[in-house]
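Accompanying notes for the structure given below.
What you see is a predicted model; the values in this text were computed from it and never measured. In this chain, numbering begins with 1 at the start of the sequence shown.
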Amino acid sequence: VYKRQFMSLSFLSKSNPLISNVKKGKFLTPWFLAPFILYYITQYMSPISRASTNFFLDKQNWIPDWWNILDLWSFLYTIIAFFLWVKFIEKRPIRTMGFSRGNGLPEFAKGVLVGAIMITTVLIVFFITGDAKFDRIQFSLPFLVSWILVLIGYIFQTAAEEIYIRGWLIPIISYHKNTYIAILIASTMFSYFHLDNNGASWLSTVHLFVFGLFTAVYALKRGNIWGPCSFHFAWNFIMGNVYGFHVSGFDSESSLMYFTTSNRTLITGGQFGPEGGVPGLIVFILALLWAIFILKDTSKEQENLYPQIVE
C-alpha cells in the first residue's frame with residue numbers, strides 16, 4: 001500500500017481541484033488560445049509597466065535600487081489583468097486560481113523554507129568548489145528601506161508568474177487536454193520568457209524549464225499555488241538580496257551580503273546568476289524528484305477549501 005501511494009501520480013488527474021476549478025465559471029477559455037492570451041496580456045502590460053516605472057523613477061533620489069523596486073512592483077499590473085480576466089471573462093472566483101482558504105500561511109511558510117534551503121545549497125556548493133568567496137555585508141537606513149521594498153516587490157513579481165502560469169495556464173490546458181501537455185507547454189513558455197535576459201544561455205534555458213516542471217508538480221501535488229508562490233519568492237529574494245547574486249540576469253544594489261564569484265560561468269552562471277550554472281540545475285533536478293516521489297500529495301484535501309461551482 002505504501003509503495004502505491006509513494007508512486008501515485010493521481011495529482012495529475014483532472015479531479016485535482018486546482019484543475020477542476022476552471023469549470024466553476026460561466027466561460028471556459030479555449031486551451032489552444034490560452035498560451036496566446038497569456039503571451040499578449042504580458043506583452044501589453046510591458047509598456048504600461050515601463051511607463052509607470054519611468055513616471056516614478058525621478059520622484060526620489062535617496063533609496064538605493066529604486067529602478068529595480070519599481071520594476072518589481074509593476075508586476076501588480078499583470079496580476080490585476082489576470083484577475084480581471086478570470087473574474088469578468090471566465091466569471092469565476094479569483095480564489096479558484098489556486099488560493100485555497102485556511103491553509104495559505106502554513107503553505108507559504110513551507111515554500112519559503114524550501115526556497116531558502118535550495119539556494120543556500122547552491123551557495124554551499126560554490127564554497128566547496130572554490131567558486132564563491134565572502135565579500136561584504138552592507139547596512140544603512142536607505143538600504144533597509146530599499147530591502148523591504150524589494151522584498152515586497154519580489155512577492156508581487158513571483159506571485160504574478162505563478163498566478164498566470166501555474167494558477168491559470170496549466171489548469172486550463174489540463175482540463176481540456178491532459179496535464180502532461182499542460183506542464184510541457186507552461187514550462188516551455190516560462191523558460192522562453194527569460195531568453196532575452198542578460199547572460200542567458202542554453203544552460204539557463206534548460207534550468208528554467210526544469211524550474212517550471214518543479215513548480216508545476218509542486219502546485220499540483222499541494223492543490224494550490226501558495227507554496228510555489230512562496231518558494232519562488234524565497235528563491236529569488238534570497239538569491240538576489242540576501243546573497244547578492246544575479247537573478248535571471250538582473251542584479252541588485254540592496255543585498256544584505258555580497259559574494260565574489262569566479263569566472264567559471266559553467267558553475268556560477270556568470271551574468272545570469274546561479275540559474276545559469278550546473279549546481280543550480282542539479283539542485284532543481286533533485287527538487288523535481290523530491291516533488292514527484294516524496295512531497296505529500298494534499299490535492300484531494302483542497303476541494304472544500306475553494307468556492308463551489310457557480311450556478
Original post:
For the hydrophobic clusters of this structure (ILVMFWY residues joined by side-chain heavy atoms under 4.5 Å, transitively), does one cluster hold both Trp62 and Val150?
Top reply: yes
Subject >> Aromatic centroids of Phe127 and Phe259 separated by under 6.0 Å >> reply: yes
Subject >> side-chain hydrogen bond (donor to acceptor under 3.5 Å, both in side chains) partners for Glu303, two or more places apart >> reply: Lys24
Original post:
Can you check whether Phe190 and Phe209 have ring centres sitting under 6.0 Å from each other?
Top reply: no
Original post:
What about the rings of Phe284 and His207, do their centers lie closer together than 6.0 Å?
Top reply: yes
Original post:
Where is the tightest heavy-atom contact between Ser146 and Ile69, given as atom of each residue plus distance?
Top reply: OG-CD1, 3.7 Å
Subject >> Distance flag, aromatic centroids of Phe75 and Phe156, threshold under 6.0 Å >> reply: no
Original post:
Angle class for the Phe193/Tyr39 ring planes (parallel below 30°, perpendicular above 60°, tilted otherwise)?
Top reply: parallel
**OP:** Flag this pair as yes if the NZ/CZ of Lys221 is under 6.0 angstrom from the six-membered ring centre of Phe11 and inside a 45 degree cone about the axis; otherwise no.
**Re:** yes
Original post:
Taking only residues two or more places apart in sequence, or in another chain, which ones meet Pro307 in a side-chain contact (heavy atoms from CB on, under 4.5 Å)?
Top reply: Pro93, Arg95, Thr96
**OP:** Just jot down the side-chain hydrogen bond (donor to acceptor under 3.5 Å, both in side chains) partners of Asp71, sequence neighbours excluded, or say none.
**Re:** none
Original post:
Do the side-chain N and O atoms of Gln157 and Trp73 include a donor-acceptor pair separated by under 3.5 angstrom?
Top reply: no
**OP:** Identify, with sequence neighbours excluded, every residue that meets salt bridge (charged side-chain N to carboxylate O under 4.0 Å, His left out) alongside Glu301.
**Re:** none
Original post:
Which residues pass the side-chain hydrogen bond (donor to acceptor under 3.5 Å, both in side chains) test with Thr261, sequence neighbours left out?
Top reply: none
**OP:** Could I get the full list of side-chain hydrogen bond (donor to acceptor under 3.5 Å, both in side chains) partners for Glu107, not counting sequence neighbours?
**Re:** Arg222
**OP:** Please find out if less than 6.0 Å separates the ring center of Trp147 from that of Phe237.
**Re:** yes
Subject >> Closest heavy-atom pair and its distance - Pro171, Gly167 >> reply: CG-O, 3.6 Å
